[in-house]
Amino acid sequence: MGDRLTERMACMAVFARVVDMGGFSAAARSLGLTKSAVSKQVARLETLCGAQLLRRTTRSISLTEAGQVMVERAREAVALCEGAGREIDSLHGDAGGTVRMSAPITFGQRCIVPLLPELLATHPRLDVQLVLLDRPVDLAQEGYDLAIRLTRSLPGDVVARRLLTTRYLLCAAAHAAPVLAHPRDLAGVVCLRYGEGEHARAWHFRRADDDLAVAVRGNVSVNNSDSLRALMLAGVGVALLPHYVVADDLDAGRAVRLLPEWEPRPVFGHQAFAIWLPHRYQPPRVRVVLDFLSDRLPRQLSCEAVVRGRHGSVAGGKESGGVSGVRGGHV
């Protein structure tokens with residue numbers, strides 16, 4: 001009886017994951033199992049119940065009437081088990097386990113990685129798996145707990161928390177800075193473009209009620225902000241860069257800010273978000289990472305020091321008051 005009950009509970013947990021992830025492959029990745037092992041667990045549960053729980057086709061699965069009853073009870077059982085784990089975690093005063101998250105390469109290297117030593121020192125039982133990719137990830141299909149996105153539009157099937165307002169600055173190397181009086185003057189300057197497509201051929205600026213799109217030219221484009229920074233510092237051209245990429249160069253005098261009275265409007269927007277799949281619960285290990293990033297990122301990477309501070313002495317313009325970020329990608 002005990003062995004049969006234990007087996008049934010394990011199969012129920014796998015079955016619930018298959019339904020919640022929308023398929024066997026995604027469930028297998030999230031559980032660290034093979035697809036065949038997951039399929040066998042679901043088949044075994046159907047045998048134990050004496051009823052078909054899933055209708056399977058080559059492309060999709062759907063619940064039978066018995067499956068609908070089973071998945072509701074399976075979710076309740078999983079929630080009870082994880083709730084017990086959370087209560088035990090609270091007794092220890094610490095959260096543990098694996099948190100798999102993704103972030104854009106430059107943002108991850110410059111903003112997330114420097115915070116990891118403090119996070120892991122505060123929560124030593126955490127195992128953080130940070131994957132740096134310059135593409136959106138599928139949270140369910142690829143088995144991520146969290147993803148960091150710099151974007152102006154979010155998928156409708158996720159929960160999101162805004163972590164940070166970023167700013168983009170028009171910059172040039174101090175030794176090769178052009179004198180610009182207006183964004184239209186960029187027509188005569190080599191502009192280092194991010195990526196390809198229409199968004200790379202026109203830069204958008206705002207000043208008070210004025211919105212302006214300027215066609216830009218240049219003989220190089222790169223889909224990475226650190227690479228654009230290196231080209232900018234070499235004097236190849238001017239670049240639109242996130243404040244956290246160029247702040248040290250501005251401080252050291254290696255770069256200067258151009259046209260500070262005009263606010264660049266980057267293709268990805270001004271907001272960094274953490275996103276995750278909607279669940280009834282959020283595991284403590286995920287919650288502590290999310291809360292930590294929400295607290296530390298704005299303090300460590302405040303853009304106000306960049307746009308209001310020492311970087312007001314610039315080529316071709318004067319500093320104006322800061323403009324609040326607009327709702328917004330990879331950098």
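The structure presented is a predicted model; accordingly, all values stated were derived computationally and were not measured.
The pair R110-D226 counts as a salt bridge, with a side-chain nitrogen and a carboxylate oxygen less than 4.0 angstrom apart. Ion pairing between a basic and an acidic side chain is recognised when a charged N comes within 4.0 Å of a carboxylate O; R56 and E46 show such pairing. A salt bridge links D291 to R161: at least one charged side-chain nitrogen sits closer than 4.0 Å to a carboxylate oxygen. Between E142 and R100 no salt bridge is recorded (no basic side-chain N to carboxylate O distance below 4.0 Å).
With a 6.0 Å cutoff to the six-membered ring centre and a 45° limit on the axis angle, R149 does not count as a cation-pi contact of F273.
Side-chain polar atoms of T98 and Q129 form no donor-acceptor pair below 3.5 angstrom. Remark: the S36 side chain and the S39 side chain contain no N/O donor-acceptor pair separated by less than 3.5 Å.
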Would you list the atom pairs, donor with acceptor, under 3.5 Å between side chains in residues 207-222 and any protein atom, with sequence neighbours excluded?
| unit_1 | atom_1 | unit_2 | atom_2 | d |
| --- | --- | --- | --- | --- |
| D211 | OD1 | R206 | NE | 3.1 |
| D211 | OD1 | R265 | NH1 | 3.2 |
| R217 | NE | A187 | O | 3.3 |

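Put simply, CG on L297 and CZ on R299 are 10.5 Å apart, with the number rounded to the nearest 0.5 Å.
Residue V38 is found in a hydrophobic cluster whose other members, listed by chain and number, are M12, V14, F15, V18, V19, F24, L31, L33, V42, L45, L53, L54, I61, L63, M70, V71; membership requires side-chain heavy atoms under 4.5 Å apart, directly or through intermediates.
Taking 4.5 Å as the limit, some side-chain heavy atom of L258 sits within range of a side-chain heavy atom of P178. Considering only heavy atoms from C-beta on, Y244 comes within 4.5 Å of F107 through its side chain.
Under a 3.5 Å cut-off, the side chain of H243 and the backbone N or O of Y168 do not form any donor-acceptor pair.
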